[in-house]
Every structure is written in C-alpha cells, then in structure tokens.
Amino acid sequence: MITKDLPFSDAEYARRLDKTRSAMARQGLDVLFITDPSNQHWVTGYDGWSFYVHQGVIVLPEADPVWWGRNQDANGAVRTVWMTDDRVIGYADNYVQSTERHPMQDLAERLRGMGLADKRIGVEMDNYYFSAKAMQTLREELPEATFLDATALVNWQRTVKSEEELVFIRKAALISEKITDGLMERVEPGIPKNEIVAEIFRDAIRGVEGAWGDYPAIVPLLPSGSDAAAPHLTWNGREFATGEATFFEISGCYRRYHAPFCRTLFLGKPPQFLLDAEKALVEGLEAGLEAAKAGNRACDIANALAAPLERAGIERGARCGYPIGLSYPPDWGERTISLRAEDETVLEPGMTFHFMPGLWMSDWGLEITESILITESGSAETFCNRPRKMYVKD
C-alpha cells in the first residue's frame, strides 16, 4: 500500500479542478491536455523531475483527470497525484527520444479510446514543454479533432492564491531570508563566487525549522560590476572584488512554492551615481507597494515606480514584476499578468507578485525587490522582512 503525502487538502484540489473546468467551458473545450509541469502539479499534485520527456494531464468535464506519461514515471504519479491509480497511464519506453515513433501517437490512441477523437481539445501551444513536433503528430493522428490554443488557461486560474498556498509561500520566504542573511555575511573580497553559491544552495535545501527546502525553478543569479548590466548571468569561479556591486537574485522554495528576493551588495565605498540610483529605486519601490492595492491595476504599480526613477533620469524599459507561486524550471513566474504600463489587469486579494524593478544599465546593475501579496485592504504585504536598501561592506 503506497502512502501518499499530498501537499493540499481534498477541498483545495476540488476547488482547483472546478476553476479549471469552468475556464474550459468558457472556451468551449471538451477536453484539456496540460503539459506545463506547474499546471500538472496544481491540478493533480504530480511532482517529479520528468518534464524532459513528454507527459501531461488530461482534464475532462466530469470524470477525474488522467495523468499520462512515461511508464517509469507513472510510478511517481501514483505516489503523488490525488487521483486513484487507475487514473494514471504510461507509455512504453521505446517512444522516448525515438526517431521512429512519437509519444503523442500513444496519447492520440488513448484519446481515441476515451471517445475524444473528434472533440474540441485544448493544448498549451506556447509552452516550454510542448513542441512543434508534438502538435504536428497530434494533428496527424487525430484529423477529426479540433485543436484550440489553451496556453495559460490553467495559469490564469492560479493567480489568486488560497490560504493553503499562502502558508507555503510564507515558508519559502523564510528560506529566502535565511539565504540572504547568509550571503550578506559570507561575501568578502577574494572569495570565489562558486563557494558562495554552494552556501546558497546549502541554506536553500536545508530550509528553516518547519520548512525543508526544495530546489528553486531558477538557479542563483549574481553578476558583479559591469556584468550586472546583464540580469540573467549565473556564476563562475571569479573572486568578489572591492569596488564592485553584485546583485543576488534568489528564492527559497517549499513544496514547489517560491518567494523570490533580490538585494545588492557593494564591497567598498559606493560611487555617488549608485547611491542616487538606490535612493530613487527604493522610493519607487515604496510608491509601487502603496499602489499595490485590491481594485487598482497592474499598471498602477508600474507607473508609481516609474515616477521617482524618471525624476532621477533613469529609464528602465522593462516590466517590473510578474505573478509567483508554484513553479518548476526554467522559470518561477506564472506567465500571466505583467507589472507594466500596458497591463490593466485589476488586482485582487490573494494575488502574489515578485515586484522586480531591477536596473540594468549599460555597465552597471542594481536590484532591490520584494515578493508581495495583494491584501483585502490597504497596500501590499511583503513576504520577506529585510532592509530595503543596497547593502555595503566598506
């Protein structure tokens, strides 16, 4: 008898399935095939490092969902999904990375067996985990079906977090704080970056009391000096140097839930232009937090941030945030709302964002960010509680 350790209650999974089915009905779908591992987990609880092969969840209007994937990964599915074992099906290993057959041929056969060969099928067409070959194969195998783009259909159902989810994000935030405290203490001139990253991972995986650490969807990002103009550089063996700023973009993760957090550390005496940028950025952050209220719009946060930066002569030209919560590699964002001037999505209580107004100029960079919760009343709650500033070790 396999004992399951489901992260959420039966009522929580029922809530998620109801929301997904309602969205399917609005889009006129008879069936939905989910390939995004975050969406699979959100709907079913499936958790495993198997998203490098074709797998997914079949969501039906009435019957329980079906998890479909590689045979050996079906063993993980019966241990992690809330459905009964008969709702887990696997395909043979000779489909994996084969030049002679494709896993979508097996999926098409399963859908035919369910009487869905001529139905309106939603698929996540613009997704890291669903290839052009997969779509081509499904069209060839199910010529009578109508395929509709259901990209982000489930993602949008995830925007407002339940109380159960918020518990996990708060635990992730405690791990983010631990990571940040550790790196601020350990970073000194002459220490190689990889040694600091090793400590970041140790803190991240050890977690905190009551919250073990899971692997984050993005690895630590920590470019220094002129390289901090590039926001997505990782690390090497280079030593930290006096006279340089390094921003650290990290996130604690608990049961796949994240609380991204960024702070900048300057070794030595910061130049005046960087102190001026810090002042404008913190002013913008605080203005954005004040604007992050239920009933306001995503663009209101971005516009509030922009005003102090513009007065300081700083032009960003990028969005300043995105929804966060449950995620798998390669991204901890939920890929729906963007905090930018063009996005008029109305903010609702329970929405969670990484308010991320990084500055990436031609030869320097600065990051001071907050993961936030839109509350029932008043301005946003920050998940982490650390000084909103550029740290300095002189």
Side-chain angles (χ1 to χ4, degrees), residues 7 34-43 46-49 51-52 124 126-129 151-152 154-162 165-180 183 197 200-201 203-205 207 211-223 231-235 247-263 298 301 318-340 350-358 360 367-374 380 382-384 386:
I34 304 168
T35 51
D36 186 322
S38 301
N39 293 338
Q40 292 183 53
H41 182 92
W42 191 76
V43 172
Y46 178 70
D47 186 21
W49 193 284
F51 41 83
Y52 63 94
E124 298 172 318
D126 191 11
N127 192 281
Y128 305 127
Y129 314 90
T151 302
V154 176
N155 302 62
W156 278 100
Q157 312 318 306
R158 294 163 45 196
T159 55
V160 174
K161 305 301 183 291
S162 68
E165 291 178 293
L166 292 176
V167 169
F168 285 11
I169 297 176
R170 291 194 171 96
K171 289 186 176 184
L174 293 174
I175 301 173
S176 295
E177 291 176 341
K178 177 181 180 180
I179 295 169
T180 300
L183 65 88
V197 174
I200 289 174
F201 275 117
D203 285 342
I205 303 306
W212 55 271
D214 209 341
Y215 62 90
I218 301 178
V219 299
L221 307 174
L222 55 158
H232 296 131
L233 297 182
T234 55
W235 67 87
F247 66 73
F248 298 84
E249 184 170 346
I250 57 88
S251 181
C253 183
Y254 178 72
R255 303 200 76 156
R256 307 306 326 135
Y257 281 78
H258 295 72
F261 194 63
C262 310
R263 287 294 183 265
I301 302 176
R319 67 177 183 167
C320 63
Y322 45 82
I324 51 146
L326 160 67
S327 246
Y328 284 81
D331 181 24
W332 55 45
E334 291 183 343
R335 303 189 301 282
T336 51
I337 306 162
S338 287
L339 302 184
R340 56 184 168 207
M351 287 183 171
T352 52
F353 296 93
H354 186 202
F355 184 17
M356 208 293 176
W360 308 292
E367 289 189 6
I368 304 172
T369 79
E370 299 285 357
S371 282
I372 64 173
L373 167 66
I374 306 302
T382 58
F383 284 106
C384 293
R386 290 297 180 270

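- Taking 4.0 Å as the cut-off between side-chain N and carboxylate O, Glu334 and Lys161 count as a salt-bridged pair.
- Ser327 and Gly333 make their closest contact through OG-O, 3.6 Å (heavy atoms, listed as atom of the first residue, atom of the second, distance).
- A search for side-chain hydrogen bond (donor to acceptor under 3.5 Å, both in side chains) contacts involving Glu177 returns nothing, not counting sequence neighbours.
- When side chains are defined from C-beta on, Ile374 does not count as touching Thr352, because their heavy atoms never get closer than 4.5 Å.
- Side-chain contact between Asp36 and Val154 is absent, with no heavy-atom pair separated by less than 4.5 Å.
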(request) Report the C-alpha distance between Trp49 and Tyr328 in whole Å, list the side-chain angles of each, state the deciding distance to 0.1 Å, and finish with yes or no for side chain to side chain donor-acceptor pair (under 3.5 Å). (result) CA-CA 9 Å; Trp49 193 284; Tyr328 284 81; over 6 Å; no
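- Side-chain contact between Tyr215 and Pro329: present, with at least one pair of heavy atoms (C-beta onward) separated by less than 4.5 Å.
- No side-chain heavy atom of Phe261 sits under 4.5 Å from any side-chain heavy atom of Ile179.
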(request) Check the pair Leu221 / Leu233 against side chain to side chain contact (heavy atoms under 4.5 Å, CB included), numbers first and verdict last. (result) CA-CA 6 Å; Leu221 307 174; Leu233 297 182; over 6 Å; no
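- Between the OG1 atom in Thr180 and the CD1 atom in Ile250 there is a gap of 4.0 Å [rounded to 0.5 Å].
- You'll find the side chain of Pro216 reaches within 4.5 Å of the side chain of His258, heavy atoms only.
- The pair Glu165-Arg170 does not meet the salt-bridge criterion, since no charged nitrogen lies less than 4.0 angstrom from a carboxylate oxygen.
- Contact annotation: the side chain of Glu367 approaches that of Trp360 to within less than 4.5 Å [non-hydrogen atoms, C-beta and beyond].
- Of all heavy-atom pairs between Met356 and Cys262, the closest is CE-SG, 4.0 Å.
- Contact record, Ala259 with Ser371: C-OG, 3.5 Å, taken as the closest heavy-atom pair.
- Here Lys171 contributes atom NZ and Tyr257 contributes atom OH; the two are 13.0 Å apart, rounded to the nearest 0.5 Å.
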(request) Would you sort out whether Leu339 and Phe355 count as a side chain to side chain contact (heavy atoms under 4.5 Å, CB included), showing the intermediate values? (result) CA-CA 8 Å; Leu339 302 184; Phe355 184 17; 4.2 Å; yes
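- Using a 4.5 Å cut-off on side-chain heavy atoms (C-beta onward), Ile175 and Asp203 make no contact.
- The shortest non-hydrogen separation linking Phe51 to Pro37 is CB-CG, 4.0 Å.
- Trp332 and Ser251 make their closest contact through CZ3-CB, 3.4 Å (heavy atoms, listed as atom of the first residue, atom of the second, distance).
- Here the side chain of Thr159 pairs no donor or acceptor atom with the backbone of Asn155 at under 3.5 angstrom.
- With hydrogens and angles disregarded, a donor-acceptor distance shorter than 3.5 Å links the side chain of Arg263 to the backbone of Thr369.
- Partners of Asp47 by salt bridge (charged side-chain N to carboxylate O under 4.0 Å, His left out), not counting sequence neighbours: none found.
- Within the 4.5 Å cutoff, side-chain heavy atoms of Arg335 are placed close to those of Asn127.
- Distance alone, capped at 3.5 Å, places no donor-acceptor pair between the Ser176 side chain and the Pro260 backbone.
- Listed for the His354 side chain is no donor-acceptor partner under 3.5 Å among the backbone atoms of Gly321.
- In this structure a side-chain-to-backbone donor-acceptor pair under 3.5 Å is present from Thr151 to Asp126.
- Rounding to the nearest 0.5 Å places CG of Leu326 at 11.0 Å from CD of Gln40.
- Rounded to the nearest 0.5 Å, atoms OG (Ser338) and CZ (Phe353) are 9.5 Å apart.
- Summarising the geometry, atom CZ belonging to Phe247 is positioned 12.0 Å from atom CD1 belonging to Ile368; distances are rounded to the nearest 0.5 Å.
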(message) Is there a side chain to side chain contact (heavy atoms under 4.5 Å, CB included) between Phe383 and Leu166? Walk through the geometry before answering.
(response) CA-CA 10 Å; Phe383 284 106; Leu166 292 176; 4.1 Å; yes
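- Between the CG atom in Asp214 and the CZ atom in Arg256 there is a gap of 4.5 Å [rounded to 0.5 Å].
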